Amino acid sequence: MAIGHHKPRIIALINHLTFDGHPSKLTLTLNEILPRYEQQADIQFVETSVDKLLATAKSIEREQRADILICSSASAEFLRKKISITILSFRMGEYDLIRAINLARERGTKAGILTHQRTLKELEEMSSLFTVEVSQAVYTSLQDAREKVRKLVDQGYRVIIGSPTVVELAEAAGAEGVFAINADAVRLTLDDALAICHSRAAEAQKHRRIHAVLKNLSEGVIALDATGKVFSVNISMNNLLQPDQPISIGDSATEHFPDIDINGVLKKGTAIESHLSLRGSQRLAISVLPIMEEGQIDGAILTCQEIREIQRAERRLRSQSRPSHFIAKYHFEQLTGEVPAFQQALQLAKLYAHSNSTVLITGETGTGKELFAQSIHNASDRQQMPFVAINCAAFPETLLESELFGYDEGAFTGSRKGGKPGLFEAAHNGTIFLDEIGDMPIHLQTRLLRILQERQVLRLGGSEPTPINIRVIAATHRDLKQEIANNRFREDLFYRLNILRISVPPLRKRASDIPQLTKLLTRNLAAGNTDQEQAANEILNALMPRLMNHQWSGNIRELENLIERAFIMSEFPGESKPLEALFPELFSVPTDQHAINAPKESLHNFGKAAEITLIQETLDAHDGDMAKTAKALGISRSTLWRRLRQPQAKTQN
């Protein structure tokens with residue numbers, strides 16, 4: 001629904017069994033953070049049950065009580081098909097689940113984790129950390145969730161962790177439901193809701209401004225007296241209509257506009273705005289506004305414009321507004337690394353920032369391709385304009401098309417009244433970042449190619465293209481040449497994208513950067529807590545030889561996860577386990593494989609103790625063969641012999 005000048009109205013639908021008379025855990029969490037939002041929005045909590053969820057949501061919609069609804073992910077997916085109000089879902093992060101599992105451990109029972117649509121692979125990798133049996137399951141619908149909860153309970157899982165919906169179902173089945181969404185996750189969801197509301201309010205204000213401009217600058221204008229007779233007409237009106245008989249003073253307006261209820265306006269004072277009128281091949285928007293004098297209707301003003309001109313004017317104004325949430329946060333100064341391959345990528349990115357040509361960034365998942373894209377934007381002449389990022393692999397095909405290109409009113413069932421601009425229009429004068437471009441459906445690639453060629457976007461169901469001025473940056477982890485060979489990517493689109501090319505190296509080829517990256521990420525995560533930073537660094541320093549020899553299939557994102565795990569472990573020093581149990585992925589490769597795969601440039605970046613440890617492991621892996629060990633470490637035999645003869649080496653041996 002449209003948002004006027006009132007504060008945004010947000011209702012959180014909370015699935016909860018209310019027979020015990022106590023508020024739900026989510027309600028308690030919301031009450032804790034509500035004071036922060038009192039001046040920004042009108043936020044209400046409505047507790048309901050799964051069975052009454054749809055009826056409650058429809059009642060809210062019918063009474064127009066909310067601009068946005070917030071609920072669990074399963075409830076959100078269900079309600080989006082039933083009502084038209086915008087619906088957001090509460091986020092649930094892996095760290096929240098870890099905390100919930102710790103609660104389950106205190107209760108001394110097996111724990112079941114029920115998540116929506118996907119399992120959490122990170123928890124599977126960390127299963128050895130938990131002292132309770134943990135089982136994961138996924139559900140795709142409310143009925144599926146009921147069945148999965150019942151199955152877990154039948155198997156002896158008395159603690160079930162998940163969203164508010166899962167908690168309710170667990171308690172109904174006789175188990176204990178553990179809520180896995182903390183205050184930070186709730187705040188993020190509320191911030192997203194506020195951003196959407198503010199964007200809508202700005203859009204509504206912009207439309208009011210457009211209509212005011214059109215009323216005063218219409219191409220054709222007729223002034224009518226109280227009886228509906230013409231007493232003034234401008235030349236533009238007759239030029240626009242080109243009637244057989246020109247409109248003249250004294251004519252009855254209804255003779256020239258028989259499809260417009262002019263008499264109704266003069267009697268009731270109710271304006272007619274933007275009435276669609278067909279005149280041959282012309283599509284006209286006609287408005288009739290009453291003239292009031294001392295509270296009495298004294299005539300009317302009739303304005304007439306071509307709809308195509310209105311649409312062009314509206315889109316020009318829309319393109320000049322920069323949405324506040326389309327902002328790039330990262331700059332080149334935040335990209336750290338000394339390895340030549342990384343420095344080469346960085347220098348190319350800085351060079352390309354001064355161009356408007358399309359950039360294709362390639363690299364494995366988690367290498368920081370979007371950070372490069374944001375930095376390029378922030379170093380360019382477009383830095384004050386929008387930076388619009390979209391993951392082409394994260395949206396269903398039909399939704400991706402409407403998100404990218406927008407749609408006109410009536411383009412499909414359930415489309416928003418008045419239509420909706422796409423992300424290409426939102427990026428006008430700025431940069432659009434198409435992440436995972438290699439996963440874009442083939443028919444959308446055809447439309448994208450046309451946009452890159454014509455610099456115009458045509459909305460779904462529309463007939464008038466909108467000119468756009470954008471800079472395109474695309475990224476992919478796929479081999480696009482191979483995708484072309486497999487007929488999954490258009491060759492002509494590849495050459496349109498592959499004008500400026502940046503290849504971001506994987507972390508396993510940046511081993512000498514790992515100590516520096518680890519310190520930087522640890523400092524950022526500590527957020528000024530020096531004691532916790534030092535405790536985490538002690539764990540990470542002990543792991544450094546392993547970190548530098550790890551394969552890093554998840555790249556920097558995987559490194560961030562391990563650092564966060566070290567932070568969690570540093571908070572419970574009394575419960576610490578051997579590093580092999582806390583970080584099993586670092587110890588899963590045999591020692592000889594670690595040594596054989598040791599990067600040649602990494603040895604010089606170790607401290608003395610870590611260096612000797614790595615040398616000794618490599619030497620043992622090659623059965624004491626000095627030549628093979630030196631070759632594996634990328635040093636000469638004399639250097640290897642000299643380092644083994646150092647006092648610290650002798651002590652360890």
Side-chain angles (χ1 to χ4, degrees), residues 329-353 361-376 378-379 475 477 501-526 533-534 536-567 579 583 585-587 589 593-615 617-618 632-635:
K329 300 178 181 179
Y330 290 93
H331 298 75
F332 284 125
E333 294 77 12
Q334 296 168 268
L335 302 183
T336 301
E338 300 299 331
V339 170
F342 181 83
Q343 280 294 314
Q344 178 180 342
L346 190 61
Q347 293 305 317
L348 285 175
K350 291 178 179 179
L351 176 64
Y352 296 163
I361 305 176
T362 60
E364 297 177 7
T365 299
T367 52
K369 297 186 291 294
E370 183 169 354
L371 273 62
F372 270 82
Q374 291 191 24
S375 299
I376 290 172
N378 279 331
H477 71 282
R501 181 80 169 266
I502 299 173
S503 179
V504 183
L507 186 57
R508 62 179 172 275
K509 295 185 179 180
R510 299 177 55 194
S512 61
D513 286 338
I514 290 177
Q516 184 181 5
L517 286 170
T518 302
K519 290 181 180 179
L520 178 62
L521 294 172
T522 303
R523 187 179 305 114
N524 291 340
L525 192 59
E533 179 182 354
Q534 182 177 355
N537 273 327
E538 289 178 1
I539 297 174
L540 294 168
N541 287 339
L543 290 169
M544 191 56 66
R546 300 273 177 178
L547 292 174
M548 295 184 67
N549 284 289
H550 187 53
Q551 287 301 299
W552 298 113
S553 57
N555 291 292
I556 294 179
R557 189 176 295 123
E558 183 182 358
L559 177 60
E560 290 175 335
N561 293 343
L562 291 181
I563 292 174
E564 185 171 349
R565 195 186 309 168
F567 263 83
L579 294 180
F583 302 90
E585 59 268 64
L586 297 181
F587 293 84
V589 178
Q593 192 65 34
H594 274 290
I596 293 171
N597 291 336
K600 295 181 179 180
E601 73 275 19
S602 66
L603 188 61
H604 302 287
N605 294 278
F606 286 175
K608 289 292 183 179
E611 176 184 305
I612 295 303
T613 299
L614 179 61
I615 291 175
E617 287 182 356
T618 309
L633 294 172
I635 58 177

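Please read all numbers here as calculations on a predicted model, not as lab measurements. Side chains included, hydrogens not; waters and symmetry mates left out as well; all remaining heavy atoms used.
- Qualifying side chain to side chain contact (heavy atoms under 4.5 Å, CB included) partners for Thr365, counting only residues two or more places apart in sequence or in other chains: Glu436, His477, Arg557.
- Here the CG atom belonging to Leu525 is positioned 4.5 Å from the CZ atom belonging to Phe567, to the nearest 0.5 angstrom.
- Among residues two or more places apart in sequence or in another chain, the side chain to side chain contact (heavy atoms under 4.5 Å, CB included) test is passed with Glu338 by Gln343, Asp513, Gln516.
- When all heavy atoms of Thr367 and Ile556 are compared, the pair lying nearest together is O-CD1, 4.1 Å.
- Residues passing the ring-ring contact (aromatic ring centres under 6.0 Å, His included) test with Tyr330, sequence neighbours excluded: none.
- Here the shortest heavy-atom pairing between Ser553 and Glu558 reads N-OE1, 3.2 Å.
- Put simply, the side chain of Leu543 reaches to within 4.5 Å of the side chain of Ile539, judged on heavy atoms.
- The structure places CG of Leu547 at 5.5 Å from CG of Leu586, a figure rounded to the nearest 0.5 Å.
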Using a 3.5 Å cut-off and no angle test, enumerate the donor-acceptor pairs between side-chain atoms of residues 344-353 and protein atoms at least two apart in sequence or in another chain.
none

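- The distance from atom CD1 of Ile563 to atom CZ of Arg523, rounded to the nearest 0.5 Å, is 11.0 Å.
- Partners of Ala341 by side chain to side chain contact (heavy atoms under 4.5 Å, CB included), not counting sequence neighbours, listed by chain and number: Val339, Pro505.
- In this structure, CG on Leu520 lies 9.0 Å from CD on Gln334, to the nearest 0.5 angstrom.
- For the pair Lys369 and Gly363, the tightest heavy-atom approach, listed with the atom from each and the gap, is NZ-O, 3.1 Å.
- By the salt bridge (charged side-chain N to carboxylate O under 4.0 Å, His left out) test, Glu364 is found to be paired with Arg508, residues two or more places apart in sequence or in another chain being considered.
- Separating the CD atom in Gln534 from the OG1 atom in Thr522 is a distance of 12.0 Å, to the nearest 0.5 Å.
- A heavy-atom distance below 4.5 Å is not found between the side chains of Asn555 and Val504.
- Taking both residues in full, the closest heavy atoms of Ala373 and Ile361 are given as N-CD1, 4.0 Å, listed atom of the first, atom of the second, then distance.
- In terms of heavy atoms, Met548 sits closest to Ala511 at CE-O, 3.3 Å.
- His550 NE2 to Ile514 CD1: the interatomic distance, rounded to the nearest 0.5 Å, is 9.0 Å.
- For the pair Leu562 and Glu585, the minimum side-chain heavy-atom distance is below 4.5 Å.
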